Amino acid sequence: MPASVQKLQQMAIYLGIVGGAASAVMYYLMQKNFAKSQYFQLAVEKLKVHEMAMDSLGAPPLKIHNIRLTDRHNRVDKERAKLKIPVSGARSAGYLYSFSTRDATLDRWHLEEALLQLKDGTSFVLLNEKEEIEADRAECGDRIFTN
């Protein structure tokens, strides 16, 4: 007994609505997981304590928007997390770029780099551990790191 065209149309509409709702819920849950993650929170906290960057944004209040899951800057695996977090304040908006690594022995994330890039082109280096380590080496005369 063949199904009528009207029944098939109703089924297609129903499945489309259910599929769209399931996709929206999944997207919301993924965003929520990102926002609760330690690597995300470390980057946001670093921004919040940087007075010049917060002042340029016109924050508080600082608004943190959903990341684009398809953006190539957003990559997370077991050892590294690289994010591009959209942020805005009353005066300006931009992106908070962060790079974190995971310490497997302590099961904790460690923020290594954080940069705020505003839409007007202004940027603030919030943290760059590589530069800090090199500055410490130069200051010590590199005695600690060589035999």
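Basis for what follows: all heavy atoms, side chains included, without hydrogens, waters or symmetry-related copies. Because the structure is a prediction, the values reported are computed rather than measured. One-based numbering along the sequence shown.
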Exercise. Answer yes or no: is there a side-chain heavy-atom contact under 4.5 Å between Val125 and Glu113?
Key: no
Practice problem: Under the salt bridge (Lys or Arg N to Asp or Glu O under 4.0 Å) rule, what do Arg91 and Asp55 come out as? Steps first, then yes or no, please. | Solution: CA-CA 9 Å; Arg91 262 188 248 140; Asp55 187 51; 3.6 Å; yes
Quiz item: Where is the tightest heavy-atom contact between His65 and Ser88, given as atom of each residue plus distance?
Solution: NE2-OG, 2.7 Å
Quiz item: Does the side chain of Tyr14 pick up a donor-acceptor pair with the side chain of Gln10 at under 3.5 Å?
Solution: no
Self-check item: Side-chain (Gln38) to main-chain (Trp109) donor-acceptor, under 3.5 angstrom
Solution: yes
Quiz item: Hey, does the side chain of Gln117 reach the backbone of Leu96 with a donor-acceptor pair shorter than 3.5 angstrom?
Solution: no
Practice problem: State the NE2-OG distance between His50 and Ser56, to the nearest 0.5 angstrom. | Solution: 9.0 Å
Quiz item: Any chance CZ of Arg108 has more than 12 other-residue heavy atoms, nucleotides or ligands included, within less than 6.0 Å?
Solution: no
Quiz item: Ala114 and Lys46: which non-hydrogen atoms are nearest, and at how many Å?
Solution: CB-CG, 4.4 Å
Quiz prompt | Distance, nearest 0.5 Å, that separates CG of Leu116 from OH of Tyr95 | solution = 12.0 Å
Self-check item: Spatial distance of atom CE (Met54) from atom CZ (Phe124) [nearest 0.5 Å]
Solution: 11.5 Å
Exercise. In sequence, state the C-alpha distance, the side-chain angles, and the governing distance for Val76 and Leu83, and then conclude on side-chain contact (heavy atoms from CB on, under 4.5 Å).
Key: CA-CA 8 Å; Val76 179; Leu83 296 177; 4.1 Å; yes
Quiz item: Within the side chain of Asn74, is there an N or O that forms a donor-acceptor pair under 3.5 Å with the backbone of Lys84?
Solution: yes
Self-check item: Side chains of Ile67 and Pro86 in contact at under 4.5 Å (non-hydrogen atoms)
Solution: yes
Quiz item: Given side chains that start at C-beta, do those of Leu69 and Phe34 come closer than 4.5 Å, heavy atoms only?
Solution: yes
Quiz prompt | Chi angles and distances behind the side-chain contact (heavy atoms from CB on, under 4.5 Å) call for Ser98, Leu42 | solution = CA-CA 9 Å; Ser98 71; Leu42 288 169; over 6 Å; no
Exercise. Please name the pair of heavy atoms, one in Lys78 and one in Arg102, separated by the smallest distance, quoted to 0.1 Å.
Key: O-CD, 3.1 Å
Quiz item: Is the shortest heavy-atom distance from the side chain of His110 to the side chain of Asp103 under 4.5 Å?
Solution: no
Quiz prompt | Distance, nearest 0.5 Å, that separates NE2 of His73 from CZ of Arg75 | solution = 10.0 Å
Exercise. Establish whether Val49 and Phe99 are linked, either directly or via other cluster members, by ILVMFWY side-chain heavy-atom contacts under 4.5 Å.
Key: no
Exercise. Could you tell me whether Tyr28 atom OH has more than 12 heavy atoms of other residues or ligands within 6.0 Å of it?
Key: no
Exercise. Any chance you could measure Asp71, atom CG, to Ile85, atom CD1, to the nearest 0.5 Å?
Key: 11.5 Å
Exercise. Supply the atom-to-atom distance Leu127 CG to Leu47 CG, rounded to the nearest 0.5 angstrom.
Key: 12.0 Å
Quiz item: Can you list the steps and then say if Leu111 with Leu126 is a side-chain contact (heavy atoms from CB on, under 4.5 Å)?
Solution: CA-CA 11 Å; Leu111 183 65; Leu126 309 176; over 6 Å; no
